[in-house]
Amino acid sequence: GSQLRRHHEAKWRKTIQDTLCEWAAQIQSCSAIFLHAPGPLNTRVLYFDRSPLQKGDPRIQSVPFTTSRPSFQELNRVYATLNAVAVERR
C-alpha cells in the first residue's frame, strides 16, 4: 500500500512540476500570484530547481481566506473571490 502511495505521489509531483515549467512564460508575466499549498511536501513540489516560482518573489502571496478541498469548482470560487471588489459603507 505505501509503495503504491509513494508511486502516485511521485507521479503527481512530476505532473505539477512539468505543468509549472510549461507555464513559465505566463507565470513570469503575472503581476500577482496567489498560492495555497500548506505543508513542506507541497512547498517542495512548487519550489524546485527549474521552477518558475522562486521563494521571496514579492508577487507570490497566500490566498487570504479559507479554501476547501482542491477541485475545479473551488478554483473557480477562489478566482471569483480574488477578482471581486467589496465596497463597505461606513
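Scope of the values below: all heavy atoms of this structure, side chains included, with no hydrogens, waters or symmetry mates.
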A.B. asks: For side chain to side chain contact (heavy atoms under 4.5 Å, CB included), just list the numbers for Phe48 and Cys21, CA-CA rounded to whole Å, side-chain angles, deciding distance to a tenth of an Å, and then say yes or no.
C.D. replies: CA-CA 10 Å; Phe48 54 98; Cys21 288; 3.8 Å; yes
A.B. asks: Could you state the interatomic distance from OG1 (Thr43) to CG (Leu53), rounded to the nearest 0.5 Å?
C.D. replies: 11.0 Å
A.B. asks: Look at atom CH2 of Trp12 and say whether more than 12 heavy atoms of other residues, nucleotides or ligands are closer to it than 6.0 Å.
C.D. replies: yes
A.B. asks: May I ask you to decide if Gln28's main-chain N or O and Arg59's side chain share a donor-acceptor pair within less than 3.5 Å?
C.D. replies: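 Yes, because the side chain of Arg59 sits within donor-acceptor range (under 3.5 Å) of the backbone of Gln28.
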A.B. asks: Name the residue from Asp18, Leu20, Thr19 that meets the side chain to side chain contact (heavy atoms under 4.5 Å, CB included) definition with Ile16.
C.D. replies: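 The residue from Asp18, Leu20, Thr19 that satisfies side chain to side chain contact (heavy atoms under 4.5 Å, CB included) with Ile16 turns out to be Leu20.
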A.B. asks: Should the heavy atoms of other residues, nucleotides or ligands under 6.0 Å from OH of Tyr79 be counted, would the total exceed 12?
C.D. replies: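 Atom OH in Tyr79 is not crowded, with 12 or fewer foreign heavy atoms closer than 6.0 Å.
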A.B. asks: Are side-chain heavy atoms of Ser71 and Gln73 found at a separation under 4.5 Å?
C.D. replies: yes
A.B. asks: Can a salt bridge be assigned to the pair Arg6 and Glu9 using a cut-off of 4.0 Å between side-chain N and carboxylate O?
C.D. replies: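 No.
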A.B. asks: Closest heavy-atom contact between Glu74 and Arg69?
C.D. replies: CB-O, 3.5 Å
A.B. asks: Distance from Phe34 atom CZ to Leu82 atom CG, nearest 0.5 Å?
C.D. replies: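 So the gap between those two atoms works out to 5.0 Å.
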A.B. asks: Atom CG of Asp49 and atom CD of Gln17: how far apart are they, to the nearest 0.5 Å?
C.D. replies: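 These two atoms lie 9.0 Å from each other.
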A.B. asks: Do Asn42 and Leu46 have side chains that get closer than 4.5 Å, going by heavy atoms?
C.D. replies: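 No - every pair of side-chain heavy atoms lies 4.5 Å or more apart.
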A.B. asks: Under the salt bridge (Lys or Arg N to Asp or Glu O under 4.0 Å) rule, collect the residues that match up with Arg13, sequence neighbours excluded.
C.D. replies: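 Arg13 satisfies salt bridge (Lys or Arg N to Asp or Glu O under 4.0 Å) with no residue once adjacent residues are dropped.
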A.B. asks: Is there a chain of hydrophobic side chains (I, L, V, M, F, W, Y, each step under 4.5 Å between heavy atoms) that links Leu75 to Trp23?
C.D. replies: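 Cluster IDs for Leu75 and Trp23 differ.
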A.B. asks: Taking atom CZ as the centre, does Phe65 end up with more than 12 heavy-atom neighbours from other residues, nucleotides or ligands that are less than 6.0 angstrom away?
C.D. replies: yes
A.B. asks: Going by side-chain hydrogen bond (donor to acceptor under 3.5 Å, both in side chains), name the residues that satisfy it together with Arg50, two or more places apart in sequence or in a different chain.
C.D. replies: none
A.B. asks: Within this structure, what is the NE2-OG1 distance for the pair His36 and Thr66, rounded to the nearest 0.5 Å?
C.D. replies: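 Output value for this atom pair is 8.0 Å.
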A.B. asks: Are Leu35 and Val78 linked, directly or through intermediate hydrophobic residues, by side-chain heavy-atom contacts shorter than 4.5 Å (ILVMFWY only)?
C.D. replies: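 Val78 and Leu35: separate clusters.
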